[in-house]
Protein chains: 2
Amino acid sequence: MSATQASTDRSTAAGKVLQILSTFDREHQSQTLSEIAQRTGLALSTAHRVVQELAGWGALERADDGSWHVGLRLWEIASGCPRTQILRDVALPFMQDLYEATHENIQLAVREGTELVFVERIAGHRSVELLTMVGSRFPIGATGMGRVLLAHAPLDIQEAVLDAPLRAWTAHTLTDPKALRAQLDRIRREQLIVSDRQLSESTVAVAAPVRIGRTGPVSAALGIVIAARSASRARGLREPLLRAASGISDELGRRTRTTA
Amino acid sequence: MSATQASTDRSTAAGKVLQILSTFDREHQSQTLSEIAQRTGLALSTAHRVVQELAGWGALERADDGSWHVGLRLWEIASGCPRTQILRDVALPFMQDLYEATHENIQLAVREGTELVFVERIAGHRSVELLTMVGSRFPIGATGMGRVLLAHAPLDIQEAVLDAPLRAWTAHTLTDPKALRAQLDRIRREQLIVSDRQLSESTVAVAAPVRIGRTGPVSAALGIVIAARSASRARGLREPLLRAASGISDELGRRTRTTA
DNA sequence: GCGGCACTTCCGCCTGACGGAAACCGTGCT
DNA sequence: AGCACGGTTTCCGTCAGGCGGAAGTGCCGC
């Protein structure tokens, strides 16, 4: 009976729903029933039944070509996720202003575990091509924004990241734990980081922490990403970035105080 | 069989997951286990088990005070919802420009059934207080943006809305089906609507359809919402709104062509 | 027509979900 | 301290609902 499912053991009913939903990741936003069955390891008939049920609820929708994708209803529910919603509501106007002042890519991200998740982004037509999009994940050590979050993360997280080998995304990526540790110290001192071509050869980022209230815990990172060829502009972005970040922090503090 | 499952039949396993997720609506973004059990009608122990499982997966998260809310993982998956994602990706830069030109509330919405769902919004610090937020639903007949979508919806939807009694949200809301029908005609002719205090006494909206390609099906509505007291400005917003809407339409057409 | 593919439906076996009940907290009141 | 209470967690016997193999359907393309 179901002998060899060592690590793939997801036999609970709720688990099946989650398994199926999880297949709809960045690379597979739209897939056929058989793909779903394949990727989850479920029997076709089982996948079919669950998918039908999810569809009946609006959690999945079917495209004209017969493939499935995440439905509007699920998006609605999920868009109420407080981690992102409060943050977005509060941050957007500030990001707005920042964009208007700089016309560069403005990004907002939170930490989950040892990864960075992008929550919101403002970009004009003619901005740099970015690897990142809303909802995508990156290892926390690889980007300026990630390092900001890492610098303020619980110690066990920091150690975990520093102990693991650091991947070199570009020729400039810091891979020496010592150097990274020093950089984290500096972030804590200066509340800011200028990150030069760490994730991609063509981009430079400036990033700062967003807190809950002026001195509260760090809940997100705000960053500006510019083309590496105009790296000289980075210096001028520090001031507006810090202003925006502390504006968001203050507003977050105000809201959570009254809410709680 | 399965004869009389009128409304109370929610006995499937996947159903329980969905029932629970559905409780996390606009008004209940954060709730305790007992609330969930109550609102779903599930036994406490059952709710507990399922919630635990969802939490194990990151679909739900627990706040410091012990209450539950939607988790980041679910948000990530759902943020891949094509209906909203493609739209947002394409539309944001244009909404951006539009905001910069007008400094008013810029909103983007899609239709689902006979309802309007807000997908994205750009708003400055000092903008009008709005009833709407990203992810919220409204009856499609009540707003300018909704009527734009209604005007281009399948006929059965149109009839369904026109046949049902129209709620008067304000003293100015159109409630006569004849008048509404005329307005829909006009929207189709002019590709634009100025909607005067239909949903709230304090706001006026200008809205236009967003298509897939220049002549494709209408997939969303783009709108600008301003304070009713500055209604005179509405006229000047028509041009930029139409420009932005057709910009988005063109870009959408381009992308879906290459993707498909 | 025929084989192949992707999806849908059927149905009997059996497992994993169900929920009542009881234990386990933390908190506030006396 | 003792107690009562609301919310949460664990346990476990019963049994209904999920499971998936297999057969049926519909749709190409050869």
Side-chain angles (χ1 to χ4, degrees), chain A residues 1-24 28-71 82 260, chain B residues 1-24 27-71 260:
Chain A
M1 26 71 105
S2 66
T4 47
Q5 1 181 282
S7 58
T8 16
D9 181 32
R10 294 279 165 278
S11 45
T12 78
K16 294 205 169 56
V17 173
L18 295 167
Q19 260 184 93
I20 289 182
L21 289 182
S22 304
T23 58
F24 290 89
H28 304 266
Q29 289 182 1
S30 159
Q31 33 187 358
T32 138
L33 182 61
S34 337
E35 279 182 280
I36 298 174
Q38 192 126 40
R39 284 161 47 78
T40 52
L42 297 173
L44 201 60
S45 58
T46 307
H48 178 253
R49 189 165 25 80
V50 181
V51 165
Q52 288 296 342
E53 206 160 350
L54 287 168
W57 202 258
L60 293 181
E61 288 173 5
R62 195 158 200 192
D64 297 335
D65 64 358
S67 67
W68 293 96
H69 59 87
V70 172
Chain B
M1 18 107 103
S2 72
T4 48
Q5 357 181 281
S7 54
T8 19
D9 181 30
R10 295 280 165 277
S11 46
T12 79
K16 295 204 170 55
V17 172
L18 296 167
Q19 262 183 90
I20 290 182
L21 288 182
S22 303
T23 60
F24 290 89
E27 289 78 42
H28 304 266
Q29 289 182 0
S30 158
Q31 32 184 0
T32 141
L33 182 62
S34 337
E35 279 181 281
I36 298 174
Q38 191 126 40
R39 284 160 48 76
T40 52
L42 297 174
L44 204 60
S45 56
T46 307
H48 179 253
R49 187 164 26 80
V50 180
V51 165
Q52 288 296 342
E53 206 160 347
L54 287 168
W57 201 257
L60 293 181
E61 288 173 3
R62 194 157 199 191
D64 297 335
D65 64 359
S67 67
W68 294 96
H69 58 87
V70 173

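Chain letters run A, B, ... following the sequence lines, proteins first, then strands; residues in each count from 1.
For the pair A:Leu42 CG and D:dG21 P, the computed distance is 11 Å after rounding to whole Å. One atom, CD of B:Gln52, and another, C1' of C:dA17, lie 16 Å apart when rounded to the nearest Å. Look at CH2 on B:Trp68: it is 11 Å from C1' on D:dT9, rounded to the nearest Å. Computed from coordinates, the B:Ile20 CD1 to C:dC18 C1' distance equals 13 Å when rounded to whole Å. At whole-Å resolution of the value, CD in B:Gln19 and P in C:dG19 are 10 Å apart. In this structure, B:Gln31 places its CD atom 15 Å from C1' of D:dG7, rounding to the nearest Å.
Residue B:His48 places none of its side-chain N or O atoms closer than 4.0 Å to OP1 or OP2 of D:dT8. At D:dG18, none of the side-chain N or O atoms of A:Arg49 fall inside 4.0 Å of OP1 or OP2 (strictly under the cut-off). Look at A:Lys16 and you'll find a side-chain N or O under 4.0 angstrom from OP1 or OP2 of D:dC19.
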Identify all pairs in which a protein N or O lies below 3.5 Å from an N or O of nucleotides 20-29 of chain C, and state each distance.
| unit_1 | atom_1 | unit_2 | atom_2 | d |
| --- | --- | --- | --- | --- |
| C:dG20 | O6 | B:Ser45 | OG | 3.1 |

Pairwise N/O distances under 3.5 Å, protein to nucleotides 23-25 of chain D:
none

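Applying the side-chain contact (heavy atoms from CB on, under 4.5 Å) rule to B:Gln29 yields the partners A:Gln85, B:Arg26; only residues at least two apart in sequence or on another chain are considered. Residues meeting the side chain to side chain donor-acceptor pair (under 3.5 Å) test with B:Thr23, sequence neighbours left out: B:Gln31. Legend: residues meeting side-chain contact (heavy atoms from CB on, under 4.5 Å) with A:Asp64, ordered by chain and number and at least two apart, are absent. Under the side chain to side chain donor-acceptor pair (under 3.5 Å) criterion, A:Ser45 pairs with no residue at all, not counting sequence neighbours. For B:Gln52, the side chain to side chain donor-acceptor pair (under 3.5 Å) test picks out B:His48, with sequence neighbours left out. With sequence neighbours excluded, the residues that form a side chain to side chain donor-acceptor pair (under 3.5 Å) with A:Ser22 are B:Trp57.
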Apply the test side-chain contact (heavy atoms from CB on, under 4.5 Å) to residues B:Leu21 and B:Leu60: give CA-CA distance (whole Å), side-chain angles for both, the deciding distance (0.1 Å), then the verdict.
CA-CA 9 Å; B:Leu21 288 182; B:Leu60 293 181; 4.2 Å; yes

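Applying the salt bridge (Lys or Arg N to Asp or Glu O under 4.0 Å) test to pairs two or more places apart or on separate chains, those with a residue in residues 33-43 of chain A are A:Asp25-A:Arg39.
For the pair B:Ala59 and A:Leu18, the tightest heavy-atom approach, listed with the atom from each and the gap, is CB-CD2, 4.1 Å.
With DNA chain C read from its 5' end, the first of the two nearest nucleotides for A:Glu35 and B:Leu44 is the one closest to A:Glu35.
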